[in-house]
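Just below is one structure, and these are the notes that go with it.
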Amino acid sequence: MGMHSLSMRRGGRGRQAALALVGTATVGLVTVAGMGVASAAPSPVDLLGLLQGGSDTTEVNEDLVPFTEGDTRPEGSAEVNETFGAPDGGGTGSLQLITPDADSKVQAFRLSDTPLADFVGVAAYSAYRSSESTATDVQFPSLQLVIDFNGDATGGFSTLTYEPVYDDGASLAEDQWNRYDAGSAGWCSTRVIPGTFDDGETQCSNGGVVPLSEIAANNPDAVGTAFGFNQGSGNPGLISAVDLLTAPDTTYDFEPKGEDPPVVVPDPTDPDPTDPDRDDDDKKHDGDKKHDGDKKHDGDKKDHSYDGK
Ligand SMILES: [Ca+2]
Ligand SMILES: [Ca+2]
């Protein structure tokens with residue numbers, strides 16, 4: 001760590017701001033994060049990000065911004081740390097997710113306003129399952145897409161879920177990072193979507209795993225209103241981590257920001273802590289301005305209690 005990594009992190013934030021300035025698909029980012037950058041001139045850092053062509057990665061630090069914890073229930077936890085490291089290209093850290101018992105649930109979601117079709121062939125993430133987990137072998141953190149499948153028409157809410165266990169050929173290996181191309185795979189729906197998920201086909205039941213491309217094609221007005229990770233409820237003892245969540249236009253890299261270098265501030269009230277008793281009468285050590293020049297007390301051994309105290 002140090003100045004080099006610090007400047008790298010600032011570069012990452014600069015790229016995020018630059019993307020907000022030039023990208024029509026990042027309207028949600030401006031709205032959600034409250035970044036008033038639309039009319040601001042790009043700073044030198046923003047311009048550097050543009051020149052580097054690195055407008056496709058946004059770092060997410062300990063505060064999870066622009067994600068929020070959503071429907072997180074005790075004792076579910078989400079923490080950006082380096083416990084399980086990171087996948088290739090994902091820096092040094094990731095988002096650790098723990099659900100100790102069956103009722104535990106943890107989420108990290110980001111609001112969006114993006115056509116569902118834009119996620120097709122694009123959505124992806126990396127996940128790690130620790131062998132310390134006691135959960136059923138096939139369980140991994142899922143990727144979820146909250147959608148409004150009929151656009152401006154009334155209703156249309158559902159949550160689409162990608163889980164590796166329903167993705168033929170996807171790795172379920174523990175203690176390693178696995179990459180899931182969810183945008184090219186099948187998804188489940190929490191609710192009926194007429195013509196796509198019939199009654200009885202929700203929650204992955206009765207063949208209710210449908211390619212995302214088919215869901216989008218059947219519902220051309222569908223909009224992704226939020227996306228992110230979910231673990232639980234029903235995942236007791238699952239210890240995992242996720243990273244490099246790829247959404248339209250941006251990949252989110254979960255990384256500890258770390259601490260800035262400490263700033264050393266001299267203590268002006270105690271210039272010579274090794275010699276406290278000789279403070280006032282000793283010009284070499286005297287640094288206590290409050291008592292300097294006090295003729296009535298300085299140098300008077302009997303008034304020692306007034307001097308330098
Ligand atoms: Ca990372
Ligand atoms: Ca609607």
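Only heavy atoms go into these numbers, but all of them, side chains included; no hydrogens, no water, no symmetry mates. One-based numbering, in listed order, for ligands and for the atoms of each.
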**Report entry** Closest approach to the Ca ion (ligand 1) by Glu255, given as the N, O or S atom name
**Finding:** OE2
Report task. Could you go through the side chain to side chain contact (heavy atoms under 4.5 Å, CB included) check for Leu143 and Thr161 one step at a time? Result -> CA-CA 6 Å; Leu143 187 62; Thr161 299; over 6 Å; no
Requested in this report: Could you check if a side-chain atom of Asn61 sits within less than 4.5 angstrom of a side-chain atom of Val80, using non-hydrogen atoms only?
Outcome: no
Report task. From the options Ile193, Thr190, Val192, select the one residue that forms a side-chain contact (heavy atoms from CB on, under 4.5 Å) with Thr202. Result -> Val192
Query raised in the report: So, Phe254 and the Ca ion (ligand 1): N/O/S under 3.0 Å, yes or no?
Result: yes
Requested in this report: With the Ca ion (ligand 2) at the centre, find the angle made by OD1 from Asn150 and O from Gly155, to 10°.
Outcome: 70°
Query raised in the report: In Å, rounded to the nearest 0.5 Å, how long is the span from CZ of Phe84 to OH of Tyr128?
Result: 5.5 Å
**Report entry** Identity of the N, O or S atom of Asp253 lying closest to the Ca ion (ligand 1)
**Finding:** OD1
Query raised in the report: In degrees, rounded to 10 degrees, what angle do Gly151 atom O and Asp148 atom OD2 make at the Ca ion (ligand 2)?
Result: 70°
Query - the Ca ion (ligand 2) reached by Phe157 (N, O or S, under 3.0 Å) - result: no
Query - N/O/S atom of Pro87 inside 3.0 Å of the Ca ion (ligand 1), strictly under - result: no
Query raised in the report: Closer than 3.0 Å to the Ca ion (ligand 1), do we get an N, O or S atom from Gly90, backbone or side chain?
Result: yes
Query - Atom name, Asp243 (N, O or S, nearest to the Ca ion (ligand 1)) - result: OD2
Report task. Classify the angle between the aromatic ring planes of Tyr180 and Tyr125 as parallel (below 30°), tilted (30 to 60°) or perpendicular (above 60°). Result -> tilted
Query raised in the report: Taking the six-membered ring for Trp, are Phe67 and Phe227 parallel (under 30°), tilted (30 to 60°) or perpendicular (over 60°)?
Result: perpendicular
Query raised in the report: By salt bridge (charged side-chain N to carboxylate O under 4.0 Å, His left out), which residues pair with Asp71, not counting sequence neighbours?
Result: Arg73
Query - the Ca ion (ligand 2) to nearest N/O/S of Asp221 less than 3.0 Å - result: no
